[in-house]
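Here's the structure, in structure tokens; my notes come after.
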Amino acid sequence: MILDTRTLVLVAFGMAITAAVTFAASWRFNRDIQALRYWVWTYLLNALGLLLIVLNPTGQVSWLLLGSNMAFCTAALMLLWGSRNFLGRPRPSILFMAAPALAILAMAYFIFADFDYRARVLISAFYLGLMAMATAYEHFRPGAARGSAPVKVMGVLQLIHGTSQWTRFLVVAVWGAGDNLLEVNAVQTAVFYEACLMIVAVPIACLLMATERLHENLRRMAMNDDLTGLLNRRAFMDEARRHFARALRQGSPLSVLMIDLDHFKKINDARGHDAGDAVLAAFADELRAGLRRSDLPCRYGGEEFCVLLPDTGMDGAAALAENLRRRFAAVEVPFDGAMLSATISIGVAEAQPAMHMIEEAISQADRALYAAKRGGRDCVIRFEASEDGTAPSLSYRSRPVPAARSAAS
């Protein structure tokens, strides 16, 4: 069925304005998602391009013709920028920055120097197809989707749009393009019908991506400690129980570290809570740097931290704890013109097949930690039950650390 091209353009214009307003409202309340700003401009420019087409029904007013082409070319680039921004990538390379300029210059030549409608359609279709394919590639790039359905859907939509534009290029190259953009024919009906579908579908996909990102951010806020970025206690326990169940099921070792910053109150009293926060954040960074991707660290509360070590027995966990203790003892934290230092005490325990809950292993590691604090701090104690199942044994002790370092003076 062949539809009136002017009507399709007006419908597309209304949809583009609606999409731009929707993105602007979303951007107002979600400033953390910078891509929304690019998408606002994408659809404002698309709306402008469509409006200029309606205002120039014969296609003979040169400056309106150039304006609409410039708007569409820039809108395609903005959509690509938005996708790259959303997916954590920089702006496009100089090649894609130059692409719209070259396309606009070429179309300007066929408007002012050698008026040729078919040549302009070929340039426009090839360029818009290229930008759509580049955007699709960003959404299918390894690691881009991370299991996100909206990201994949956006990639599919851009792949369809790019294919449509390149199909238009081939059709026009072989059979011609008619006399002007508003001519009623099958090619123009297909072009603007597809444009209407994309103006509806693409913003929906973009908004779903933004909504998913917001949910991720809220989930991260609920699960992570604000200061250190590590898991909070509640989220850690949920993950620890799952790891414990898997370890029991597979018969694999699982160990726990309980860690406490020594004399932390003295740091707060001497330098203030901001200094204490700086030391906690520095320790969290050191903790992440010294662990494997599979290990699970958390801020357990105050200056206490807990680490779950999957597929790790007692010996491996104690060695890792000692390495962590030595490394952090050498760390100096810059704060307010001074260098702060601190030490840590660590308790180590290994989950046993007879245990019913991971909390039992955490409790043993906590008992070993308190043994380390009673034994002088700045050491690693591992819980090894004696015959009566109660006595933790000492493993590793560093030489005493000067008071000036441990007190972070």
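For clarity, every value in this text was computed on a predicted model and none was experimentally measured.
Taking the six-membered ring where the residue is Trp, F283 and F305 present perpendicular rings, their angle passing 60° and hence far from 30°.
Formation of a donor-acceptor pair under 3.5 Å by the N46 side chain with backbone atoms of A16 is not found in this model. S83 places no side-chain N or O within 3.5 Å of a backbone atom of L80 that could act as its donor or acceptor partner. The closest donor-acceptor contact from the side chain of N232 to the backbone of M223 lies under 3.5 Å. In this structure, the side chain of T167 engages the main chain of T163 through a donor-acceptor pair within 3.5 Å. Side-chain atoms of S164 never come within 3.5 Å of backbone atoms of I160 as a donor-acceptor pair (strictly under, hydrogens ignored). Judged purely by atom type and a 3.5 angstrom limit, D262 has no side-chain atom pairing as donor or acceptor with the backbone of R377. Proximity of a side-chain donor or acceptor of E360 to a complementary backbone N or O of M357 within less than 3.5 Å is detected. Of the possible polar contacts, none joining the N30 side chain to the L214 backbone as a donor-acceptor pair under 3.5 Å is found. Between the side chain of T312 and the backbone N or O of P310, at least one donor-acceptor pair lies under 3.5 Å.
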Practice item. Could you walk me through whether L122 and F110 pass side-chain contact (heavy atoms from CB on, under 4.5 Å), step by step? Key: CA-CA 11 Å; L122 289 173; F110 289 108; over 6 Å; no
Exercise for review: Just do the salt bridge (charged side-chain N to carboxylate O under 4.0 Å, His left out) check on R168 and E194 with the steps written out, would you?
Suggested key: CA-CA 11 Å; R168 181 191 183 198; E194 188 265 350; over 6 Å; no
Exercise for review: Take D336 and R271 through the test salt bridge (charged side-chain N to carboxylate O under 4.0 Å, His left out) and record every step on the way to the result.
Suggested key: CA-CA 9 Å; D336 197 22; R271 295 284 185 176; 5.4 Å; no
Exercise for review: Kindly determine whether Q34 and R37 satisfy side chain to side chain donor-acceptor pair (under 3.5 Å), including the steps that lead there.
Suggested key: CA-CA 6 Å; Q34 295 288 324; R37 180 179 56 180; 3.3 Å; yes
Exercise for review: With salt bridge (charged side-chain N to carboxylate O under 4.0 Å, His left out) as the test, would you mind laying out the steps for R219 and E216 before giving the verdict?
Suggested key: CA-CA 5 Å; R219 181 174 176 270; E216 288 178 2; over 6 Å; no
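Salt bridge annotation for D378-R325: present, with a cationic side-chain nitrogen under 4.0 angstrom from a carboxylate oxygen. A salt bridge does not link R233 to D225: none of the charged nitrogens lies less than 4.0 Å from a carboxylate oxygen.
For D269, the side-chain hydrogen bond (donor to acceptor under 3.5 Å, both in side chains) criterion is met by K265, not counting sequence neighbours. With sequence neighbours excluded, the residues forming a side chain to side chain contact (heavy atoms under 4.5 Å, CB included) with L291 are L287, D295, P297, V307, L309, L320, listed by chain and number.
In summary, of the residues considered (L280, N268, V279), a side chain to side chain contact (heavy atoms under 4.5 Å, CB included) with E303 occurs for L280 alone.
The side-chain heavy atoms of L79 and M131, taken from C-beta on, include no pair separated by under 4.5 Å. With a 4.5 Å cut-off on side-chain heavy atoms, Y300 and D366 do not count as touching.
With 3.5 Å as the limit, one finds no donor-acceptor pair spanning the side chains of N323 and R326.
More than 12 heavy atoms of other residues, nucleotides or ligands sit less than 6.0 Å from atom CE of M78.
The side-chain tip of R213 points at the ring of F86 from less than 6.0 angstrom away and within 45° of straight on.
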